[in-house]
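Take a look at the structure set out below.
What you are looking at is a predicted structure, and each value in this text was computed from that prediction instead of being measured. Worth knowing before you read on, the calculation uses all heavy atoms, side chains too, and leaves out hydrogens, waters and symmetry mates. In listed order, ligands and their atoms are each counted from 1.
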Amino acid sequence: MSHKNPSGTLQERLFTERADRRLFQEATDRGFDYLQTLEERPVVPTDTAIGNLAYFTGDLPEDGSAAREIIEVLDLYGAPTTVASNGGRYFGFVTGAALPAATAVSQLAAFWDQNAAMQVMSPLAAKLEQVSEHWLKQALGLPNSVVAGFVSGTSVANLCALAAARYRILHNMGWDIAANGLFGAPRIRVVCGDHVHASVQKALQILGFGTSMLERVPVDNQGRMIPGAIPPLDERTILLLQAGNVNSGAFDPFEEILPKAIPSGCWVHIDGAFGLWAAVSHRLSHLCKGMEAAHSWAVDGHKTLNTPYDSGVVLCADSEALTAAMRSSGAYLVQGTERDGMAYTPEMSRRARAIEFWASLKSLGRSGLDELVTTLHSHAVKLANELSQLPGIAILNDIHFNQILIAMPDDEATQQLMQHLQGSGECWAGGSSWFGRKVIRVSVCAWTTTSEDVDRTVAAFQKASHAVLQKQDKFGVKF
Ligand SMILES: Cc1ncc(COP(=O)(O)O)c(C=O)c1O
């Protein structure tokens, strides 16, 4: 039903809606009810629910709708088509859930609608960015000189870090990238592992480095860069490492690579989208040992830390390089005394995403961070152990962190297993390829995953693999 404002202006209607406590209460209540039923919902939407999305199709309406009606239809047609990635049995991609405190404060912060571009626009956002930067360095064990930019995710964090690297290397060679651009600039070398993440390649492309110029280093059977195969490095080189291979979860051996790389004068960047958080776990911090000597790091809040989405951080030990790479000026801009978020990021106007980041760290504290990350790992280990007992199922990686690579004896069987599993609605995991072999990739990344979820997931795999094996009894497995 459209809302025509027969008796007033648009502004009057909007003020009336703003004054309607029950309107906002209703949105919260519906969201709250959703959360309480998350474990009973199918992990992925049914075809019928997806078909109902047709409701949203159509042209821009002439007249606006009442806020209450908007909430109702969104909940009616939208909620059933959500993917239950906030629950405990969604293992697709690398997808965290959201901590309750962070979800709650994101609602409060939505009322404030703060712009985190400059301190003058939101002293609160500036303060919470500053505090989060400090806490993050403490949690990850990074040097005090490191600065942080709060961005939408690791893809953008990688972009910012590589822009800083590009600035620093060219500046040291007497080339002003801001004034002269990249055409005619001295050539920069880029060295990366054979399993470099797609988002790093995208960042390099945006920054004017073609993928064909990458000097790729072979990796071992876990996807870790082989230190002895790294070509000679120099001050014209960016060396790209990773904390957490997106498939196997393996970490490049920082302790071996960095002491040799740093004296060469190259810039070392670590993509640690989900894996950098291993540093906060008493059981896993050894994986990150030596990473603090790098020049830049990229990490997500919305994966392992379980902040709501739209949360990544670029960390850079060369504050001048990052701020020079992100510099913008305008007569109307007002420099803050403490911190202007836009100095460290590509955007000017930005959501005050540090509010949720800060709330997440505050909600967990040091011990909670450790427990969260260590528990994700324990669940992954338990799940991998139990899956490996099932007939026809093999685990192809060591469980370094939270990633499990699962295969059946041939690609077709693995594909069928994945289809059965995805169709079950009981849990969800996606596919990938591992050294030419098709795999199902499980990522345990949500605080909501319980031991019971692990058991239910094993049962779902058992049922699915049984169906595949029955169909293909060429494997000679008896039940
Ligand atoms: C290793 C790695 N780097 C970068 C990214 C990209 O992060 P985002 O999706 O937050 O942009 C991912 C995403 O899974 C990742 O696993």
If I take atom OG1 from residue Thr307 and atom CD from residue Glu356, how far apart are they, to the nearest 0.5 angstrom? 7.0 Å
Select all protein residues for which some heavy-atom-to-ligand 1 distance is less than 4.0 Å, and list them by chain and number. Gly153, Thr154, Ser155, His197, Ser199, Gly244, Val246, Asp271, Ala273, Phe274, Asp300, His302, Lys303
Under 3.5 Å: donor-acceptor pair, side chain of Arg89, backbone of Glu39: yes
Decide, yes or no, whether a salt bridge links Arg224 with Asp252 under the criterion of side-chain N to carboxylate O below 4.0 Å. no
By the definition side-chain contact (heavy atoms from CB on, under 4.5 Å), identify the one residue from Thr374, Thr304, Leu361 that meets it with Leu369. Leu361
Apply side chain to side chain donor-acceptor pair (under 3.5 Å) to Asn385 and Ser388, showing your working. CA-CA 5 Å; Asn385 281 342; Ser388 70; 5.0 Å; no
Using a strict 4.0 Å threshold on nitrogen-to-oxygen distance, state whether Arg189 and Asp234 make a salt bridge. yes
